[in-house]
Amino acid sequence: MSDTADAPRLDFIRTIVAEDIRTGKHAAPATRFPPEPNGYLHIGHAKSICLNFGIANEFKGTCNLRFDDTNPTKEEQEYVDSIQEDVRWLGFSWDDRLYFASDYFEKLYGFAEKLIEMGKAYVDDQTADEIRANRGTLTTPGTDSPFRSRTVDENMDLFRRMRAGEFPDGTRVLRAKIDMASPNMVMRDPTIYRIRHAHHHRTGDTWCIYPMYDFTHCLSDSMEHITHSICTLEFENNRELYDWVLDTLPVPSRPRQYEFARLNITYMVMSKRRLIQLVTEGHVSCWDDPRMPTLQGLRRRGFTPESLRLFAERIGVSRAANTVEIEMLEACLRETLNDSAPRAFAVLRPIKVVIRNYPENQEEIFECPNHPEKPEQGTRSIPFSHELWIEQDDFREVPPKGYHRLSPGKEVRLRHAYYITCVDVVKDPATGAVTEIICEYDPATKGGWSQDGRKIKGTLHWVSAKHAATAEIRLYDRLFTKADPMDAEEGKDFKDYINPAALETLPACPVEPSLATLAPETVVQFERLGYFCADRRDHAPGKLVFNRSVGLRDSWARQEKKG
RNA sequence: UGGGAGAUCGUCCAGCGGCAGGACUACGGACUCUGACUCCGUCAACCUAGGUUCGAAUCCUAGUCUCCCAGCCA
């Protein structure tokens, strides 16, 4: 059957979902993306978003957006706003299924009382240190708390008084009564409620006790009738507790947890803690700095939602620890941008070209296609005149072998314009450096094409000096010089591998005048240079700022490097 | 010296008893008004050792290595 041959390969989670539908276990999958609103989303979250929402879309199910906001001291409204914006930007919709764990606090409290009634939870008066000490170690069992055998009534009374605010922070916790000798540390009477007299970004001061993740997440999943609760591998050990809670309590539905390996990318750091450090210590300007792996940083850099979705699809989903090469990400960006980005001319490092036989007062306009393969993208007008800017790289007084750009006596094409031949150079008498290239153009090659069909190997981009707009162009490179900055040498730390050349600013580059009206956040391809995104933050009337998203592949540069 | 999980080209992902395949990278070549794109091609892997089997990446046994867990974080 040809359609099985063409069917996309399913990752192990999609295979499980498909099987659950096939066997009738579920009519459709219900998933959720459950961020804690304590920071900005990054590309690792994008993998999870694409997985959860992707499964919902592909199998005609649903995916909820749920904020796991059970720790009031870390969470802020600002983050819930930015997270929503980012998920939408990535191209996914939760429709009306926006939930907050904090909306379940009352129900969660009820479940906790139920656990106490069942004799499966107790109030512990030990200090945090004592609890830690009594938990035992990886190889030795823990010892029971002296408060473990309190009566149901006593526990209930104490727990209610915890809620009533009678006790200060840290004096008591509610613990599930499971097994202090369990080989799984998570199961050694986990804390499920702690006292925190803190203001919560949504519930205000209504509560002074807050449920822990392990108690909250599974019950939230159940209440939302989630079928497949997908999380990362570090929660593997927590699954036993997830199941214990749901199997112990009378719950509305029985979700299952599945874990996948989180995303790592070479030359990037993903941990929230490290990203905070980069911002607060001033190594980058802010959370949306184009060097950051945050969705807002990537967006400002010119990454499109489409490119990130493609990336998520390409890297797949497995349970094996992985580090994807950054080249894979860049390839996805180039691939999507090559298709969509309009072309334009800009000169990063200009050198003047004077067309000797082109009248000084003459100018003409070329109508050039915005995209070489997509006539539907229309055209733009590019003015041509006596003096032009070209790229310094595109001229060599002494051309190396294989160089087919401009050099004395050599003819090249100015893209969309004319063939020109270098007839002379002007040098700075002091340094001997070439300051101006004198050329002659062939009027018979108007439009960049010759009737006699003579072969021209070099085609250059250019900008008319008289008509040029000026833009600030920022060249971005990878933030770190080491593929795995976290794997620091003795006595070093990841910040020692920050790439000082990750940002280079070119304050005044000539660009073609059509760019002056470009809308912020659009990405264009500067021909022969790469993809550049009109910055949405620093763009202002009369000011153009471009961030380089990613360069073009450059086989000449590679060849020259090899020698 | 505990428990859980994982090991397939340099990287990521498939293959689930029957020819180890795709993508990225690298390297060739063709094409080209972007040294881009596109197209074609090449290099390149089953952690180890035993066993079962006509046949093992796949099943069994024993190792090795890596990751996760001792928050009143998620």
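Worth saying up front: this structure is predicted, and the values here are computed from it rather than measured. Convention: sequence-line order gives letters A, B, ...; per-chain numbering from 1. Heavy-atom basis, side chains included; hydrogens, waters and symmetry copies ignored.
- Residues A:E36 and A:K74 are not paired through a salt bridge, judged by the lack of any N-O separation under 4.0 Å between the basic side chain and the carboxylate.
- Judged purely by atom type and a 3.5 angstrom limit, A:D169 uses its side chain to pair as donor or acceptor with the backbone of A:H197.
- Nucleic acid contact class of A:R239 (heavy atoms, under 4.0 Å, all strands): none.
- When heavy atoms are screened at a 4.0 angstrom cut-off, A:V324 is found touching the sugar-phosphate backbone but no base atom.
- Both geometric conditions, a ring-centre gap below 5.5 Å and a plane tilt below 30°, are not fulfilled together for A:Y213 over the base of B:A74.
- Across B:C43 and B:A26, the matching C1' atoms stand 8 Å from one another, rounded to whole Å.
- With hydrogens and angles ignored, no donor-acceptor pair under 3.5 angstrom links the side chain of A:E373 to the base of B:U38.
- A:Q126 comes within 4.0 angstrom of a nucleotide base, judged by non-hydrogen atoms across all strands.
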Read 5' to 3' with Watson-Crick or G-U pairs under 3.5 Å, [ ] for crossing pairs and | for partners on another strand, RNA chain B gives .((((((..((((....[..)))).(((((.......)))))....(((((..]....))))))))))).....
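- No contact: A:D214 has no heavy atom under 4.0 Å from any strand.
- Judged by distance alone, with hydrogens and angles left aside, A:R405 brings a side-chain donor or acceptor within reach of the base of B:G35, the pair sitting under 3.5 Å.
- Straight-line distance between the C1' atoms of B:U64 and B:A44: roughly 24 Å, to the nearest whole Å.
- When heavy atoms are screened at a 4.0 angstrom cut-off, A:T137 is found touching base atoms of the nucleic acid.
- Within the nucleic acid shown, A:F235 comes within 4.0 Å of at least one base atom, counting heavy atoms only.
- Counted by atom type alone, A:S514 and A:E512 present one or more donor-acceptor pairs between their side chains at under 3.5 Å.
- One cannot find a donor-acceptor pair under 3.5 Å joining the base of B:G2 and the side-chain atoms of A:N184.
- Neither OP1 nor OP2 of B:C72 sits under 4.0 Å from any side-chain N or O of A:R172.
- Using atom P as the reference point in both B:C47 and B:U58, the two lie 8 Å apart (nearest Å).
- At a cut-off of 3.5 angstrom, counting only N and O atoms as typed in the model, there is no donor on one side facing an acceptor on the other between the side-chain of A:E240 and the base of B:G4.
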Scan nucleotides 30-32 of chain B against the protein and return all N/O pairs shorter than 3.5 Å with their distances rounded to 0.1 Å.
none

